[in-house]
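The structure appears right after this line, and notes come after that.
In what follows, every heavy atom counts, from backbone to side chain, and hydrogens, waters and symmetry copies are set aside.
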Number of protein chains: 2
Amino acid sequence: MNVRSRHDAIVCSLRRSGTTKIDALALEVGASRRTVLRDIGALRDQGYVIHSDVGRGGGLQLDPQSVQTNARLSVPEVFALLISVAAMRAAGNLPFSELADAGLAKIEKALPADRIRDLRRFLDCLHIGQLSPLQDLSDMGTMVPELLPAFETAFLGQLMLRFDYRDAKGRKSRREVEPQAMLILPPLWYLVGWDPSRADFRHFRMDRISRVEAVEGTRFRHRHVPFEDDVCPYSELQARDRAGHV
Amino acid sequence: MNVRSRHDAIVCSLRRSGTTKIDALALEVGASRRTVLRDIGALRDQGYVIHSDVGRGGGLQLDPQSVQTNARLSVPEVFALLISVAAMRAAGNLPFSELADAGLAKIEKALPADRIRDLRRFLDCLHIGQLSPLQDLSDMGTMVPELLPAFETAFLGQLMLRFDYRDAKGRKSRREVEPQAMLILPPLWYLVGWDPSRADFRHFRMDRISRVEAVEGTRFRHRHVPFEDDVCPYSELQARDRAGHV
DNA sequence: GAAAATAGTGCCAATTCCTGTCACCATTTG
DNA sequence: CAAATGGTGACAGGAATTGGCACTATTTTC
């Protein structure tokens, strides 16, 4: 019996039976009384709340609120969760968002330090707007998760993004732009890019982007993002989108 | 140097430099070549994708996509994340929500089985509506995370909920109701409860609830929740809320 | 008040597991 | 072929975990 699996077995047993005695636990997991006591201490250090009553009829009791999960997430998954919670908070202060934040903070802390810096830089390129009134979404496509790695690479390495774009009128074209920012106007997302061939900024709706890739060896400088929360109102972009100009 | 911190150091070093040789790694982390090889094996078992090229100019390469985080979350935190992502998806199909779901699925799987069942039952009591047009939120209060444990206990154990309520006109009262459902109409949340003393269903805005507790030993039967997504439109509730009748 | 039951701690020997060394193999590059 | 590199197996020594014991503190029962 491994240390890890023994800890799991102890937590499991404590969860099943309301109150358990140390000797019973020792018998169950096949370890000595002393070892089980050490394990209990380790579990408490890990944050499990285990009450103990001494004397006859005493024993150990696990506070079910303190049961914890140990999930292993990939970086894109963490990032998706971060975006979700951030977007939700922008939609208004939902209940329990503090709790969700606390959870995310823990997840972030578990990442390598340099990865956290990357994430924050990427998040800095993200502008999240207010809830938009419902609009016609009949032609809204789907966004594929495969976008994320390419976007992350391009934003962090300041590389050109190359992708297929289908505009409001259904015309297809292959674009190559310098990614400057991402805008979230639930339920729509936009990429703000500087198009060198047109020498202008362009907005692209994410659901119309496909076959995206970061182009190696095309380092560029970040320009001033033509988008300030309080200067350029989101409503303008939305109006242009509705008019088919995005 | 601990096993754990050595693993971290190796992952970090592999992330920094594109391709690294085992002997260089051994020198860097202050362990022997054999130990580093064992560590690499362990990391691969943990899911890290580490490519290796033998021969001159070879070395190790870490697939950045495979970097993982190992966060330890409490059950309320998991629940808050679940609610966040569910609410966000109801707000429209945001990008990367599939990724967020995948992450949450992993987190859920890491919970004890009976805890998952509880979570699902609790989520079943949750009705998530469409985005509501912006409305006047000047009087919107804040919701405290301390609500969640009491709510969970009450919903799962079918216990009465007792709390202070401040209605639209600012009148305070202490209520005791059978919790039937929760409604999310971003950014507002409502509790649907059966009030025995009034023999009727009542809606309570979450941000007006305080000092909440689940009352022990008051088991009740779930009644038919007077709320069907397609029958009773959310707009009706919103209209009543605006008129100060909630 | 005494006895029994229970959690908890300190100490030390025994055991188990981790680490380093070495020999060796397989593959690629020049 | 030789050099450079990742990878595996065996084994001795060292580090960490475990078990046993004596002991303390508290609560319940008689």
Side-chain angles (χ1 to χ4, degrees), chain A residues 1-68 70 72, chain B residues 1-68 70 72:
Chain A
M1 178 76 85
N2 192 8
V3 178
R4 181 61 174 275
S5 51
R6 208 174 51 224
H7 284 191
D8 286 349
I10 288 175
V11 169
C12 198
S13 176
L14 282 176
R15 280 191 46 72
R16 265 204 313 280
S17 44
T19 167
T20 318
K21 287 180 249 309
I22 287 192
D23 290 322
L25 269 181
L27 204 68
E28 186 177 336
V29 303
S32 72
R33 172 190 146 81
R34 186 69 185 86
T35 298
V36 170
L37 272 163
R38 271 192 277 250
D39 288 341
I40 296 290
L43 288 173
R44 281 176 172 151
D45 286 344
Q46 285 173 33
Y48 288 90
V49 177
I50 300 173
H51 304 286
S52 60
D53 293 306
V54 306
R56 266 190 200 172
L60 300 172
Q61 256 180 316
L62 172 66
D63 180 351
Q65 292 293 329
S66 72
V67 173
Q68 294 175 337
N70 206 338
R72 197 168 266 287
Chain B
M1 178 75 88
N2 193 7
V3 178
R4 179 62 175 273
S5 49
R6 209 174 52 223
H7 284 192
D8 286 349
I10 288 175
V11 169
C12 202
S13 176
L14 283 175
R15 276 191 47 70
R16 265 203 314 278
S17 43
T19 164
T20 318
K21 286 180 250 307
I22 286 192
D23 291 323
L25 268 180
L27 203 68
E28 185 177 335
V29 303
S32 72
R33 172 190 146 83
R34 187 67 184 87
T35 298
V36 171
L37 273 162
R38 273 192 274 249
D39 288 341
I40 296 289
L43 287 173
R44 282 176 170 151
D45 285 345
Q46 284 172 35
Y48 288 90
V49 177
I50 301 173
H51 304 285
S52 59
D53 293 307
V54 306
R56 266 186 201 176
L60 299 172
Q61 255 181 316
L62 171 67
D63 181 351
Q65 293 296 326
S66 70
V67 174
Q68 294 176 339
N70 203 338
R72 201 167 259 288

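- Residue-to-nucleotide contacts include no donor-acceptor pair under 3.5 Å from the side chain of Arg38(A) to the base of dG8(C).
- His51(A) has its NE2 atom 18 Å from the C1' atom of dT26(D), to the nearest Å.
- In this structure, CG of Asp23(B) is placed 12 Å from P of dG7(D), rounded to the nearest angstrom.
- To the nearest 0.5 angstrom, Ile40(B) atom CD1 is 5.5 Å from Leu14(B) atom CG.
- Here the nucleotide nearest the side chain of Ser52(B), chosen from dG20(C), dG6(D), dG30(C), is dG6(D).
- The nearest heavy atom of DNA chain D to Val36(A) and to Arg33(A) marks one nucleotide each, and the one closer to the 5' end goes with Val36(A).
- No hydrogens or angles considered: a donor-acceptor pair under 3.5 Å links the side chains of Ser13(A) and Glu28(A).
- Within 4.0 Å of Thr20(B), counting heavy atoms only, lie sugar-phosphate atoms of the nucleic acid but no base atom.
- Atoms NZ (Lys21(A)) and C1' (dT28(D)) sit 13 Å apart, rounded to a whole Å.
- Ile50(A) CD1 to Arg44(A) CZ: the interatomic distance, rounded to the nearest 0.5 Å, is 5.5 Å.
- You'll find that the side chain of Arg56(A) is closest to dT28(D), out of dA4(D), dG8(C), dT28(D).
- The nearest heavy atom of DNA chain C to Gly55(B) and to Gly30(B) marks one nucleotide each, and the one closer to the 5' end goes with Gly30(B).
- Among dA7(C), dT19(C), dG6(D), the nucleotide with an atom closest to any side-chain atom of Arg6(B) is dT19(C).
- Atom CD1 in Ile22(A) sits about 15 Å away from atom C1' in dT27(D), given to the nearest Å.
- Nearest heavy-atom pair across Leu62(B) and Val11(B) is CD2-O, 4.0 Å.
- Listed candidates were dG20(C), dT5(D), dG8(C). Nearest to the side chain of Val54(B) is dT5(D).
- Taking only side-chain atoms of Leu37(A), from C-beta outward, the nucleotide of dT9(C), dG19(D), dG20(C) with the closest atom is dT9(C).
- To the nearest angstrom, C1' of dT9(C) lies 6 Å from CZ of Arg34(A).
- The Leu60(A) side chain lies nearest to dG8(C) when the options are dT9(C), dG8(C), dA3(D).
- The shortest distance between the side-chain N/O atoms of Thr35(B) and the OP1/OP2 oxygens of dG20(C) is below 4.0 Å.
- To the nearest angstrom, C1' of dT5(D) lies 14 Å from CD1 of Ile40(B).
- Put simply, CG on Asp45(B) is 13 Å from P on dG7(D), counting in whole angstrom units.
- Atom CG of Leu37(A) sits about 10.0 Å away from atom OG of Ser52(A), to the nearest 0.5 Å.
- Taking atom CG of residue Asp39(B) and atom C1' of nucleotide dG20(C), one finds them 13 Å apart after rounding to whole Å.
- Nucleic acid contact for Gly41(A): none, since no nucleic acid atom lies under 4.0 Å from a heavy atom of the residue.
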